[in-house]
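First comes the structure, then the notes that go with it.
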Amino acid sequence: MENETPSLETIINNNLNGRDLEEFNRIYYGRKDNLEVKLKESSIAAAKEGDFEIAAYAFPAKKEQTRPPRIVKVGVIQHSIAAPTDRPVSEQKKAIFSKVKRIIDVAGQEGVNIICFQELWNMPFAFCTREKQPWCEFAESAEEGETTRFLKELAVKYAMVIVSSILERDENHSEILWNTTVVISDTGNVIGKHRKNHIPRVGDFNESNYYMEGNTGHPVFATRYGKIAVNICFGRHHVLNWLMYGLNGAEIVFNPSATIAAEAGSEYMWNIEARNAAITNCYFTAAINRVGYETFPNEFTSADGKPAHNDLGLFYGSSYFTGPDGVRCPGLSRTRDGLLIGVLDLNLNRQIKDRRCYYMTQRLDLYVNSLSKVLELDYKGQVVHENDK
């Protein structure tokens with residue numbers, strides 16, 4: 001990936017300094033100072049040895065008279081696959097486990113309370129191929145599968161809530177597949193799971209050949225550290241999806257994703273959608289994307305008349321946090337594995353709700369009425385023409 005741009009931040013820092021850089025930060029990120037948090041020397045050394053980026057930023061709230069601060073350390077991990085896609089399934093999975101464990105260990109020594117991975121972190125994003133074998137063999141039980149067992153031990157070791165996106169094999173319902181995120185408590189127990197609400201049918205993202213829309217609604221998981229929710233990948237394009245997590249009380253919403261920078265990709269939207277969701281719903285968001293090129297043994301086409309190919313294109317990383325006030329931090333690299341830590345004061349959520357009154361003014365009654373009409377078979381849009389009487 002030598003010819004790829006490392007990150008937007010690299011371009012900015014190479015070309016701006018002084019007041020110009022401060023003004024860019026103020027206008028783009030929402031504050032002149034990104035409030036970078038100092039990391040342990042041992043963490044920096046471990047990241048260097050493991051060849052992954054590490055960064056941390058604070059999102060403070062104003063001091064209150066009646067509530068103490070609610071400081072939570074949240075981490076997100078982005079990474080590339082760790083073995084060629086023609087290697088045995090067990091070998092590919094174990095290689096990813098080994099890579100990611102090193103990053104989790106650093107998160108643990110930094111005192112991270114909650115950590116989330118990218119979408120389907122323990123496998124290649126192979127759904128572009130439309131092949132069933134061997135990719136369906138990565139599927140496993142959400143509650144008792146190999147990945148969940150691996151993470152349970154780390155959750156207990158570091159008193160860490162772990163948010164893990166996997167390909168689920170539903171053993172109780174005809175062994176069908178789901179795109180599922182498992183939430184593991186700091187006690188090592190599975191709190192629950194959520195299945196992806198919106199499934200793409202665009203370009204190489206042929207996911208409905210493997211699993212369909214989820215059936216778990218919009219759950220919010222009450223953890224020791226705060227109330228969290230998971231808006232899986234393509235769900236970030238659907239504003240009502242984000243809305244429901246807020247209405248159900250989420251304080252942090254994770255968006256584990258697998259999205260690319262190619263012509264049919266989403267990179268120009270990436271920095272907008274999770275940030276907009278944080279603003280309109282007055283909660284923290286964390287957008288996480290995988291990294292690198294994933295090349296598959298057999299060529300596939302994109303139904304666009306172009307030649308067959310062996311990869312989707314660059315998964316561009318660039319994971320970031322946004323606060324409920326719309327302030328965001330610099331993103332991780334486009335090309336490297338990384339651990340991003342946000343030191344969040346959850347009191348900020350209510351402070352922003354009080355300041356901006358978005359929930360008080362959102363008029364749900366108006367939209368419930370309008371949407372119920374849209375669903376009627378004889379619905380006609382509310383369009384007014386010049387000569388209407």
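Linking ILVMFWY residues whenever their side-chain heavy atoms come closer than 4.5 Å, directly or via other members, leaves Val37 and Leu340 in distinct clusters. Both Leu346 and Tyr57 sit in one connected hydrophobic cluster of ILVMFWY residues. Membership requires side-chain heavy atoms under 4.5 Å apart, directly or through other members.
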Is there a side-chain contact (heavy atoms from CB on, under 4.5 Å) between Ile104 and Leu151 once you walk through the steps?
-> CA-CA 10 Å; Ile104 296 173; Leu151 294 174; 4.1 Å; yes
Step by step, work out the salt bridge (Lys or Arg N to Asp or Glu O under 4.0 Å) result for Arg26 and Glu23.
-> CA-CA 5 Å; Arg26 181 185 66 82; Glu23 281 295 279; 2.9 Å; yes
Could you walk me through whether Glu273 and Arg236 pass the salt bridge (Lys or Arg N to Asp or Glu O under 4.0 Å) test, one step at a time?
-> CA-CA 6 Å; Glu273 289 174 303; Arg236 73 181 177 277; 3.4 Å; yes
Carefully, step by step, assess Glu213 and Arg201 under the rule salt bridge (Lys or Arg N to Asp or Glu O under 4.0 Å).
-> CA-CA 12 Å; Glu213 284 75 13; Arg201 295 163 177 82; 2.9 Å; yes
Checking side-chain contact (heavy atoms from CB on, under 4.5 Å) for the pair Tyr158/Gln109: CA distance, chi angles, key distance, verdict?
-> CA-CA 8 Å; Tyr158 294 117; Gln109 75 178 21; 5.8 Å; no
Kindly determine whether Leu39 and Glu110 satisfy side-chain contact (heavy atoms from CB on, under 4.5 Å), including the steps that lead there.
-> CA-CA 7 Å; Leu39 297 161; Glu110 283 292 335; 3.7 Å; yes
How far apart are the C-alpha atoms of Lys62 and Asp345, what are their side-chain angles, what is the distance that settles it, and do they pass the salt bridge (Lys or Arg N to Asp or Glu O under 4.0 Å) test?
-> CA-CA 9 Å; Lys62 290 183 178 180; Asp345 187 342; over 6 Å; no
Passes side-chain contact (heavy atoms from CB on, under 4.5 Å), Ile115 versus Ile77? Steps please.
-> CA-CA 8 Å; Ile115 201 157; Ile77 294 176; 3.5 Å; yes
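Classification of the Phe127-Phe125 ring pair by plane angle, with boundaries at 30° and 60°, yields perpendicular. In this structure, Phe97 and Phe150 have parallel ring planes: the angle between them is below the 30° cut-off, well short of the 60° mark. The aromatic rings of Phe117 and Trp121 are tilted relative to each other, their planes meeting at an angle between 30° and 60°.
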Validation: residues 362-385 side-chain donor-acceptor distances under 3.5 Å, sequence neighbours left out:
residue	atom	partner	partner atom	Å
Arg363	NE	Asp365	OD1	3.4
Ser370	OG	Leu366	O	3.1
Ser372	OG	Val368	O	3.4
Ser372	OG	Asn369	O	2.7

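The pair Asp325-Arg356 does not count as a salt bridge, with every side-chain nitrogen at least 4.0 angstrom from each carboxylate oxygen. A salt bridge links Arg195 with Asp170: the closest approach of a Lys/Arg side-chain nitrogen to an acidic carboxylate oxygen falls below 4.0 angstrom.
Distance check, rounded to the nearest 0.5 Å: CD1 of Ile252 to CZ of Phe221 gives 13.5 Å. Rounding to the nearest 0.5 Å gives a distance of 14.0 Å between CZ of Arg355 and CZ of Arg350. Between atom CD of residue Glu251 and atom CG of residue Asn281 there is a gap of 13.5 Å, rounded to the nearest 0.5 Å. Between the CD1 atom of Ile228 and the OG1 atom of Thr223 there is a distance of 5.0 Å, given to the nearest 0.5 Å. Gln118 contributes atom CD, which lies 12.0 Å from atom OG1 of Thr259 (distance to the nearest 0.5 angstrom). Taking CD1 from Ile166 and CG from Asn179, the interatomic distance works out to 9.5 Å, rounded to the nearest 0.5 Å.
Inspection of the Lys196 and Ser165 side chains reveals no N or O donor paired with an N or O acceptor under 3.5 Å. Between the side chains of His194 and Thr216, a donor-acceptor pair is found at a separation under 3.5 Å. Counting only N and O atoms by type, the side chains of Asn113 and Arg224 include no donor and acceptor under 3.5 Å apart. Side chains of Glu53 and Gln78: no donor on one and acceptor on the other come within 3.5 Å. If you check the side chains of Glu4 and Thr335, you find no donor sitting under 3.5 Å from an acceptor. With 3.5 Å as the limit, one finds no donor-acceptor pair spanning the side chains of Thr85 and Glu294. Checked by atom type, the side-chain pair Ser302/Asp204 shows a donor-acceptor distance below 3.5 Å.
Proximity of Phe315 to Ser80: side-chain heavy atoms (C-beta onward) are nowhere separated by under 4.5 Å. Between Asn255 and Trp242 the shortest side-chain heavy-atom distance falls below 4.5 Å. Considering only heavy atoms from C-beta on, Lys93 stays 4.5 Å or farther from Ile96 through its side chain. In this structure, Cys136 and Leu177 have side chains that are in contact, with non-hydrogen atoms separated by less than 4.5 Å.
With Tyr320 as the aromatic partner, Arg275 does not meet the cation-pi criteria of under 6.0 angstrom to the ring centre and within 45 degrees of the ring axis. Under the 6.0 Å distance and 45° angle rule, Lys353 does not count as a cation-pi partner of Tyr358.
One N or O on the side chain of Arg290 and one on the backbone of Leu120 form a donor-acceptor pair closer than 3.5 Å. A donor-acceptor contact shorter than 3.5 Å links the side chain of Glu140 to the backbone of Thr147.
For Arg19, the CZ atom is loosely surrounded, since the number of other residues' heavy atoms within 6.0 Å does not exceed 12. Summarising the local packing, NZ of Lys227 is surrounded by 12 or fewer heavy atoms from other residues, nucleotides or ligands at distances under 6.0 Å. By the 6.0 Å contact criterion, CD on Glu49 is open, its count of non-hydrogen atoms from other residues, nucleotides or ligands being 12 or less. Within a 6.0 Å sphere centred on CG of Asn3, other residues, nucleotides and ligands contribute 12 heavy atoms or fewer.
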